[in-house]
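In this text the structure is predicted, and so the values were computed from the model without any measurement.
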Amino acid sequence: LFGLKVNAPISSVVFGEAKNCVYMLCETGEVYTFDLRTRRCLSRHFDEGAVKGTSMACSKDGSTYACGSSSGVVNIYDSKAATGGGPRP
């Protein structure tokens, strides 16, 4: 077993289908992508417009993921753009 460290309490965790990765949404709206094989953080960004991150979902093919916040806003991101840092919804 191993742990993955983030900077705030986690509100949602989603496993990616194709890449052996996990997405984590923190209450602060920060989104982390970790590679489960290497246990390294692939990317980290803030969910644009998030007041408080509440939920997350990943598409079946792993190409996109969505982040929801307490304000009711849901943003959809391209998974490939997330590894480049600073993706736009």
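Residues His45 and Tyr32 place their aromatic rings such that the two centres sit no closer than 6.0 Å.
No chain of hydrophobic side-chain contacts below 4.5 Å, direct or via other Ile, Leu, Val, Met, Phe, Trp or Tyr residues, connects Val73 to Val14. Val6 is connected to Val22 through a chain of hydrophobic side-chain contacts under 4.5 Å among Ile, Leu, Val, Met, Phe, Trp and Tyr, so both are in one cluster. Hydrophobic cluster membership differs between Leu25 and Phe46, with clusters built from Ile, Leu, Val, Met, Phe, Trp and Tyr side chains linked at under 4.5 angstrom.
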_Worked verdict on Ser79 versus Tyr23 for side chain to side chain donor-acceptor pair (under 3.5 Å)_ = CA-CA 10 Å; Ser79 297; Tyr23 299 98; 3.2 Å; yes

Before you tell me yes or no, could you show the steps for Tyr65 and Val31 under side-chain contact (heavy atoms from CB on, under 4.5 Å), namely the whole-Å CA-CA distance, both residues' side-chain angles and the distance that decides it to 0.1 Å?
CA-CA 11 Å; Tyr65 61 91; Val31 179; 4.0 Å; yes

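Put simply, the side chain of Asp47 never gets that close to the backbone of Gly53: no donor and acceptor are under 3.5 Å apart. Judged by distance alone, with hydrogens and angles left aside, the side-chain atoms of Ser70 form no donor-acceptor pair with the main-chain N or O of Val51 at under 3.5 Å.
Residues Tyr77 and Glu48 come closest through the heavy atom pair OH-N, 3.0 Å. In terms of heavy atoms, Phe2 sits closest to Leu36 at CZ-O, 4.0 Å. What you find for Ser12 and Met56 is that their closest heavy atoms are OG-N, 3.1 Å. Nearest heavy atom pair, residue Gly16 against residue Cys58, reads CA-SG, 4.1 Å.
Leu4 has its side chain within reach of Met24: a pair of non-hydrogen atoms, C-beta onward, lies under 4.5 Å apart.
Remark: the Thr33 side chain and the Ser43 side chain contain an N/O donor-acceptor pair separated by less than 3.5 Å.
Note that CG of Asn20 and CZ of Arg37 are 4.5 Å apart. Values are rounded to the nearest 0.5 Å.
A search for side chain to side chain contact (heavy atoms under 4.5 Å, CB included) contacts involving Ala8 returns Cys26, Thr28, not counting sequence neighbours. Applying the side chain to side chain contact (heavy atoms under 4.5 Å, CB included) test to Ser63 and every residue at least two apart in sequence or in another chain returns Ser59, Asp61.
Pairs passing the salt bridge (Lys or Arg N to Asp or Glu O under 4.0 Å) check and including a residue from residues 20-34, sequence neighbours excluded, read Glu30-Arg44.
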